[in-house]
Amino acid sequence: PPSHEQGKQWYQRRVRGIRQIIAILFGVVWGIIKFKGIFGILIYVLLNLGLIFFYYSSYHEVDEEEYGGHGELAKEGLLTSFSLFLVFWIIMYTMYMQPAGSLLV
């Protein structure tokens with residue numbers, strides 16, 4: 001059977017994977033909706049943190065103290081998912097702001 005440490009690593013990888021999926025989905029949606037500036041960033045961060053908090057507290061009922069507290073679980077993969085979110089947001093926003101056919105030239 002996997003050790004306790006392997007179980008923690010599996011769960012942390014799972015949280016990072018979920019954050020990356022959230023980042024891609026939100027980045028695409030934010031680009032299509034044409035959110036701009038700090039408003040879009042703040043909404044993304046709040047929704048990301050809220051969804052992950054819901055995931056580990058309600059869905060998995062994890063004892064957050066085992067993983068270093070709420071802060072550690074909240075930080076797990078946040079910066080990498082934020083980078084991914086920005087890439088998709090910028091690409092989609094740029095695509096939808098261009099006149100039809102101008103990206104092909």
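Everything numeric here is computed off the predicted structure, so don't read it as measured data.
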Notebook entry, point to check: Do Q20 and V15 have side chains that get closer than 4.5 Å, going by heavy atoms?
Noted result: no
Item checked: S81 to R19 - nearest heavy-atom pair and separation -> CB-O, 3.6 Å
Check: Among V28, V87, I33, which residue meets the side chain to side chain contact (heavy atoms under 4.5 Å, CB included) test with M92?
Finding: V28
Notebook entry, point to check: Which residues satisfy the ring pair (Phe, Tyr, Trp, His ring centres under 6.0 Å) test with Y44, sequence neighbours excluded?
Noted result: F85
Margin query: Quick check on the hydrophobic clustering: are L47 and I41 connected, directly or via other members, by side-chain heavy-atom contacts under 4.5 Å?
Written below: yes
Checklist line | Result of checking I22, I18, L46 against L51 for side chain to side chain contact (heavy atoms under 4.5 Å, CB included) | finding: I22
Next item on the list: Would you check, one step at a time, whether the test side chain to side chain contact (heavy atoms under 4.5 Å, CB included) holds for I43 with F26?
Entry: CA-CA 10 Å; I43 296 297; F26 284 5; over 6 Å; no
Next item on the list: Apply side chain to side chain contact (heavy atoms under 4.5 Å, CB included) to the pair L84 and T80, showing each step before the final yes or no.
Entry: CA-CA 6 Å; L84 193 58; T80 53; over 6 Å; no
Item checked: ILVMFWY cluster, L78 and F53 together (side-chain gap under 4.5 Å) -> yes
Next item on the list: Tell me whether I90 is reachable from I32 by hopping between hydrophobic residues (I, L, V, M, F, W, Y) whose side-chain heavy atoms are closer than 4.5 Å.
Entry: no
Margin query: A side-chain contact here means heavy atoms from C-beta on lying under 4.5 Å apart; do K36 and Y93 qualify?
Written below: yes
Notebook entry, point to check: Can you get from F39 to F82 by hopping between Ile, Leu, Val, Met, Phe, Trp and Tyr side chains that sit under 4.5 Å apart?
Noted result: yes
